[in-house]
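Shown next, in structure tokens, is the structure this report addresses.
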There are 2 protein chains.
Amino acid sequence: MAVKPSTQDKSRTFSDVQSQNSGLVSLCLPFTLESQDAAQLERIIEQSPPLKKGGHLFHQGEPFTAIYAVRAGSIKTYTVTNAGEEQITGFYFPGEMIGLSAIDTDDYPISAKVLETTTVCEIPYDSFEQLSNRLPSLKAELIKCMGKELREEQQMMLLLSKKTAEERVATFLLKLSDRFKRRGYSASLFRLSMSRNEIGNYLGLAVETVSRIFSRFQKQQLIQVEGKEVELLDLDELRIVSGEARHDEPLIP
Amino acid sequence: MAVKPSTQDKSRTFSDVQSQNSGLVSLCLPFTLESQDAAQLERIIEQSPPLKKGGHLFHQGEPFTAIYAVRAGSIKTYTVTNAGEEQITGFYFPGEMIGLSAIDTDDYPISAKVLETTTVCEIPYDSFEQLSNRLPSLKAELIKCMGKELREEQQMMLLLSKKTAEERVATFLLKLSDRFKRRGYSASLFRLSMSRNEIGNYLGLAVETVSRIFSRFQKQQLIQVEGKEVELLDLDELRIVSGEARHDEPLIP
DNA sequence: CGCATGATTGAAGTATATCAATAGTGGTGG
DNA sequence: CCACCACTATTGATATACTTCAATCATGCG
């Protein structure tokens with residue numbers, strides 16, 4: 001099944017009004033830049049209007065034009081096999097970059113879909129590349145982001161190859177917790193913007209397995225789930241269940 | 001189990017004799033550079049003596065100092081879980097880069113082990129970064145490599161999450177075939193430098209499963225295996241088995 | 001408010017892991 | 001050079017974690 005061409009999910013360019021871009025870089029991007037460099041970068045990036053759930057940032061196979069940073073909301077990226085199966089490759093939250101794997105290609109190798117009302121910053125890649133030739137620190141920041149993503153994908157390979165279903169779900173919840181915490185939100189109470197189906201797909205599990213493990217974890221007082229709302233009740237035990245910590249070795253040796 | 005410190009697997013710096021570095025970049029690196037840029041890069045890279053099978057380029061947890069390009073031979077990279085399980089994250093052949101996921105970290109997040117007698121080019125990262133601030137094309141080439149690696153890992157996630165054992169093995173063989181072909185070697189006849197165990201580990205399968213599928217493929221006349229020597233007898237059918245092609249749609253539509 | 005979609009729970013099935021036993025390989029040193 | 005020994009690979013029998021199928025229950029969007 002061929003990849004469908006992009007519908008009018010997004011306006012071609014979000015806005016020609018570059019009015020209030022000030023601070024956008026520090027708000028959206030995981031870049032550490034001198035303020036004058038940030039100002040220059042702000043001139044080439046555009047903030048999207050709120051994107052509706054279900055829309056696409058880009059489709060697999062479409063020409064690569066830009067990378068994105070999430071400003072608010074969440075996004076999933078996924079590849080589609082020739083057999084038509086979908087594999088989610090990542091979930092992205094505010095301050096995280098999307099589309100890095102498309103760099104150096106003509107077409108996006110993945111699709112990016114909006115999970116809830118979301119705003120993003122669009123960074124047209126040719127402008128970015130031109131600018132970064134004058135500002136080496138820009139490229140350096142991009143390289144850092146890519147390195148981080150590489151490490152995350154390696155951890156994901158490990159999860160998919162070696163971890164049990166329980167370990168996968170625990171790892172997933174803890175990873176989300178960490179990311180929310182880093183953003184200043186609660187590390188123990190949050191809302192899952194993705195469906196059970198999407199969690200299962202991402203973790204290489206059937207929906208039913210995810211559901212069962214949520215129930216089991218709840219029974220074990222590890223978590224409290226109610227629909228999309230999740231509370232992590234016992235982070236330490238979750239860490240053990242995830243395979244990241246062990247009973248016999250303390251977290252800080 | 002903590003990660004062991006590096007033994008004397010490699011000499012600290014391979015050689016202080018920078019005698020015959022000429023052409024090293026074009027020989028080892030997947031970089032496309034102007035000749036004067038390449039010459040500058042050559043000044044900071046060092047070729048290793050032949051490394052013996054079983055040695056390490058670096059261990060997980062050691063300070064990150066350099067990235068590497070394979071010149072001859074092959075390397076595997078792997079992560080170790082807290083439970084002590086090993087997950088191979090990649091196999092690397094001549095012209096491929098190792099250690100990119102360590103960029104932006106203090107310590108290597110993976111280990112790199114020599115699979116057969118191998119020579120590599122060591123690129124000390126601080127020198128590389130300094131040089132690349134003057135030569136923006138250097139950073140651009142690095143970004144391209146990282147993008148490629150990201151895409152490969154995404155494909156690997158798909159494989160680990162969605163493909164059957166047969167699809168995984170077929171995909172693996174075809175991927176190797178492609179890489180050898182690109183290097184000018186035979187696409188259908190080659191030697192596996194890794195063990196069945198390592199193949200299984202990489203593909204998320206038990207050794208026995210890999211062995212059984214090799215036998216099955218042989219019985220089906222898809223391949224001819226004799227120890228580490230493999231011949232791909234029916235590339236088209238292998239592509240179908242791998243899930244990359246389908247019976248009802250031709251390769252060139 | 002109703003109906004499509006998503007979530008949960010139970011029962012049965014299966015692909016692959018694990019266990020086990022044998023056969024082959026390759027490297028080393030006598 | 002060959003013989004030994006440890007390691008690697010193969011093949012078969014059994015076990016199991018997870019999937020698939022099925023039915024019910026909840027949810028939320030129009």
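Below, all heavy atoms of this structure are taken into account, side chains as well, without hydrogens, waters or symmetry copies. Worth saying up front: this structure is predicted, and the values here are computed from it rather than measured.
Protein atom CG of B:N197 is 12 Å distant from nucleotide atom P of D:dT10, rounded to whole Å. Rounded to whole Å, atom C1' of D:dT10 lies 16 Å from atom CZ of B:F217. For the pair A:E167 CD and D:dA17 P, the computed distance is 12 Å after rounding to whole Å. The CD atom of A:E85 sits 13 Å away from the P atom of D:dT19 (whole-angstrom rounding). As a whole-Å value, the separation of A:K53 NZ from D:dG28 P is 9 Å. To the nearest angstrom, P of C:dT9 lies 10 Å from CZ of A:R196. With rounding to whole Å, B:L160 atom CG is found 16 Å from C:dA15 atom C1'. Rounded to whole Å, atom C1' of C:dT25 lies 12 Å from atom CD of B:E226.
No donor-acceptor contact under 3.5 angstrom links the side chains of B:T119 and B:S48, judged on distance only. A donor-acceptor contact under 3.5 angstrom links the side chains of B:S74 and B:E116, judged on distance only.
Using a 4.0 Å cut-off between charged nitrogen and carboxylate oxygen, A:E86 and B:K162 do not count as a salt-bridge pair. Contact check on A:R196 versus A:E208 returns no salt bridge, with no Lys/Arg side-chain nitrogen under 4.0 Å from an Asp/Glu carboxylate oxygen.
With sequence neighbours excluded, the residues forming a side-chain hydrogen bond (donor to acceptor under 3.5 Å, both in side chains) with B:T171 are B:K163, listed by chain and number. Among residues two or more places apart in sequence or in another chain, the salt bridge (Lys or Arg N to Asp or Glu O under 4.0 Å) test is passed with A:R212 by none.
Taking the six-membered ring where tryptophan is involved, the planes of B:F58 and B:Y108 are essentially parallel, since the angle between them stays under 30° and well short of 60°.
Map A:K228 and A:R216 each onto its nearest nucleotide of DNA chain D; the residue landing nearer the 5' end is A:R216. Comparing A:K163 and B:V225 along DNA chain D, the residue whose closest nucleotide (by nearest heavy atom) sits nearer the 5' end is B:V225.
Scanning residues 201-212 of chain A for heavy-atom distances under 4.0 Å to DNA chain C yields A:E208, A:S211, A:R212.
Considering only side-chain atoms of B:S195, the nucleotide from D:dT8, C:dA7, D:dT10 that sits closest is D:dT8.
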